[in-house]
Q: 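Can you read through this structure? Questions will come right after.
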Amino acid sequence: MTDKTDTVDIITGHRRMRRNRKADWSRRMVQENRLTVDDLIWPIFVVPGTNIVEPIDAMPGVNRMSVDKAVEAAKLAADLGIPALATFPNVDISLRDDTGSNSLAANNLINETTRAIKKAVPNIGVITDVALDPFTSHGHDGILRDGEIVNDETVAQIAKAAILQADAGADIIAPSDMMDGRVGAIRRALDAAGHQNVGIMAYATKFASAFYGPYREAIGTSGLLKGDKKTYYIDPANGTEAMRDAALDVEEGADMLMVKPGLPYLDICWRVKESFGLPVFAYQVSGEYSQIKAAAANGWIDGERVMLETLLAFKRAGCDGILSYFAVDVARILSKR
Ligand code: PBG
């Protein structure tokens, strides 16, 4: 009983977890989750003009692109096997107003982008957001009236914007605004306009998060936004409330659900997947991306390994896919394996 082996045997008995971990082949054999290119959705930023590829300071490696360059990016993504893009416009400041009226222009930047991508690269999915923040002079996701983001009027407007986005060729409408009742309103509007096959990916649980900072630089709302979005996004403290919100989106006709931000909310990913059985996507948001980039640039972490580990964590938490600014980098790495 004094021998070391005996001591270990008393503790572990016949259970030795390390047997399956002993070699590369056995680790591959027992690996439960895998990241593939089919799991990736690539969010891109679009600006007016032509031949523009403009770096975003707070998101090293991510650019704002004019429509022609976005089309090239879409081709690249399709060639790499990335299933879909999510597009976000940086609208000319002169077009932004209190109500976000440019969201109702059939040929606005987001719709122009969709048309151009769908024409040149018909086989890539295009996911568009109907939130008003790229179009409002105050950077909020809805119409601002007497200091309040008015719900029902905003919903009526984004339902109209959704029809225009579908007319332009959007495959999936993804409302990120968190107004009450918007998923049902968008579904009814799309159906009435003959867009039965256009889906809805609900930003089912979108939290009032500080991780969106770099995105606001990307679409030019950081200098505009007055106050915060706490009257419409979910309190980061609340998991049960997030589940209630997601349940409403399911009832209202969402085809897919999204959890946003991603990594700090893996518990929500898991609960949403377990509860509803719908496809669940996590949005690894700008701040999550930039943290990894910054630490890697300082040599404090291995950026590539951390990137892959975070994306795999989403799979383990039950996600069917991830919106990630790393999509192209990851697709390139996966294609070499
Ligand atoms: C707003 C919107 C946000 C993001 C996408 N659309 C959040 C915000 O600005 O409040 C964040 C995306 C990211 O951080 O990567 N409708």
Side-chain angles (χ1 to χ4, degrees), residues 40-46 56-64 85-91 96 100 102-103 109-110 113 127-144 149 151 154-155 157-158 161-162 165 170 172-180 182-183 186 200-236 245 258-265 281-294 307 310-311 314 322-327:
L40 302 168
I41 297 171
W42 187 28
I44 61 168
F45 298 108
V46 188
I56 299 161
D57 288 343
M59 300 180 74
V62 178
N63 301 304
R64 295 184 203 89
L85 302 174
T87 55
F88 296 96
N90 183 318
V91 174
R96 303 189 195 200
N102 184 249
S103 68
L109 184 57
I110 190 162
T113 306
I127 303 173
T128 54
D129 187 358
V130 276
L132 299 184
D133 59 303
F135 306 99
T136 55
S137 47
H138 41 72
H140 278 290
D141 294 16
I143 298 168
L144 179 65
I149 302 302
N151 192 88
T154 300
V155 169
Q157 181 166 328
I158 65 177
Q165 292 185 359
I172 295 177
I173 306 295
S176 77
D177 51 276
M178 294 301 279
M179 298 298 124
D180 285 321
R182 84 249 194 251
V183 170
I186 292 168
I200 300 177
M201 178 188 285
Y203 281 67
T205 69
K206 183 173 187 183
F207 293 87
S209 171
F211 282 95
Y212 308 142
Y215 166 92
R216 294 183 186 166
E217 182 206 322
I219 67 153
T221 57
S222 34
L224 303 175
L225 187 65
K226 307 240 166 9
D228 56 48
K229 301 191 177 185
K230 290 181 185 166
T231 69
Y232 46 104
Y233 293 177
I234 304 167
D235 185 333
D245 210 319
M258 190 205 292
V259 174
K260 180 182 180 182
L263 213 60
Y265 297 87
F281 295 85
Y283 197 144
Q284 180 178 51
V285 300
S286 56
E288 298 177 66
Y289 172 87
S290 302
Q291 286 189 116
I292 295 172
K293 282 293 196 182
M307 163 182 86
T310 57
L311 294 168
F314 290 115
I322 309 105
L323 289 91
S324 174
Y325 301 101
F326 289 118

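For the numbers below, each heavy atom of this structure counts, side chains included, while hydrogens, waters and symmetry mates do not. Each ligand, and each atom within it, is numbered from 1 in the order the structure gives.
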Q: Is ligand 1 under 4.0 Å from a heavy atom in the side chain of Tyr283, in the backbone, in both, or in neither?
A: side chain

Q: Would you say the side-chain atoms of Asp129 pair up with the backbone N or O of Ser176, donor to acceptor, closer than 3.5 Å?
A: yes

Q: Can you list the ligand 1 atoms lying under 4.0 Å from a non-hydrogen atom of Lys229?
A: 1 (C), 8 (C), 9 (O), 10 (O)

Q: Numbering the atoms of ligand 1 from 1, which are under 4.0 Å from a heavy atom of Tyr325?
A: 12 (C), 13 (C), 15 (O)

Q: Going by heavy atoms, is Lys206 under 4.0 Å from ligand 1?
A: yes

Q: Using every non-hydrogen atom in the two residues, find where Arg96 and Asp133 come nearest and quote the distance to one decimal.
A: NH1-O, 4.5 Å

Q: Hey, is the main chain of Pro214 close enough, under 3.5 Å, to the side chain of Glu217 for a donor-acceptor pair?
A: no

Q: I'd like to check whether Tyr203 has a polar contact with ligand 1, where a contact means an N/O of the residue lying under 3.5 Å from an N/O of the ligand.
A: no

Q: Are Lys206 and Tyr212 in a cation-pi contact, defined as NZ or CZ under 6.0 Å from the six-membered ring centre and within 45° of the axis?
A: yes

Q: Search all heavy atoms of Leu224 against all heavy atoms of Gly139 and return the closest pair with its distance.
A: CB-N, 4.3 Å

Q: Report the part of Asp129 (side chain from C-beta onward, or backbone N, CA, C, O) that has a heavy atom under 4.0 Å from ligand 1; answer both or neither where that applies.
A: side chain

Q: At what distance is the nearest protein heavy atom to atom 14 (O) of ligand 1, and which residue and atom is it?
A: Ser286 OG, 2.7 Å

Q: Can you list everything that forms a side chain to side chain donor-acceptor pair (under 3.5 Å) with Tyr289? Sequence neighbours excluded, please.
A: none

Q: Considering only non-hydrogen protein atoms, determine which one is nearest to atom 10 (O) of ligand 1 and report residue, atom name and distance to 0.1 Å.
A: Arg216 NH2, 2.6 Å

Q: Do any heavy atoms of Lys260 fall under 4.0 Å from ligand 1?
A: yes

Q: Among Asp177, Asp235, Asp141, which residue meets the salt bridge (Lys or Arg N to Asp or Glu O under 4.0 Å) test with Lys229?
A: Asp141

Q: Tyr325 vs Phe45 aromatic rings, parallel, tilted or perpendicular, using cut-offs 30° and 60°?
A: parallel

Q: Tell me if a side-chain donor or acceptor on Thr136 pairs with a main-chain N or O of Gly100 at a distance below 3.5 Å.
A: no

Q: Report the part of Ala131 in contact with ligand 1, treating N, CA, C, O as backbone and CB onward as side chain, heavy atoms under 4.0 Å; options are side chain, backbone, both, neither.
A: side chain

Q: Can a non-hydrogen atom of Asp141 be found less than 4.0 Å from any atom of ligand 1?
A: yes

Q: What atoms of ligand 1 come closer than 4.0 angstrom to any heavy atom of Tyr233?
A: 1 (C), 7 (C), 8 (C), 10 (O), 16 (N)

Q: Nearest 0.5 Å please: distance from the CD1 atom of Ile41 over to the CZ atom of Phe281.
A: 5.0 Å

Q: Heavy-atom distances under 4.0 Å are what count here, so tell me which part of Asp133 touches ligand 1: side chain, backbone, both or neither.
A: side chain

Q: Would you check whether Ser176 has a nitrogen or oxygen atom less than 3.5 angstrom from a nitrogen or oxygen atom of ligand 1?
A: yes

Q: What's the shortest distance from atom 6 (N) of ligand 1 to any protein heavy atom, and which residue and atom give it?
A: Tyr215 OH, 3.0 Å

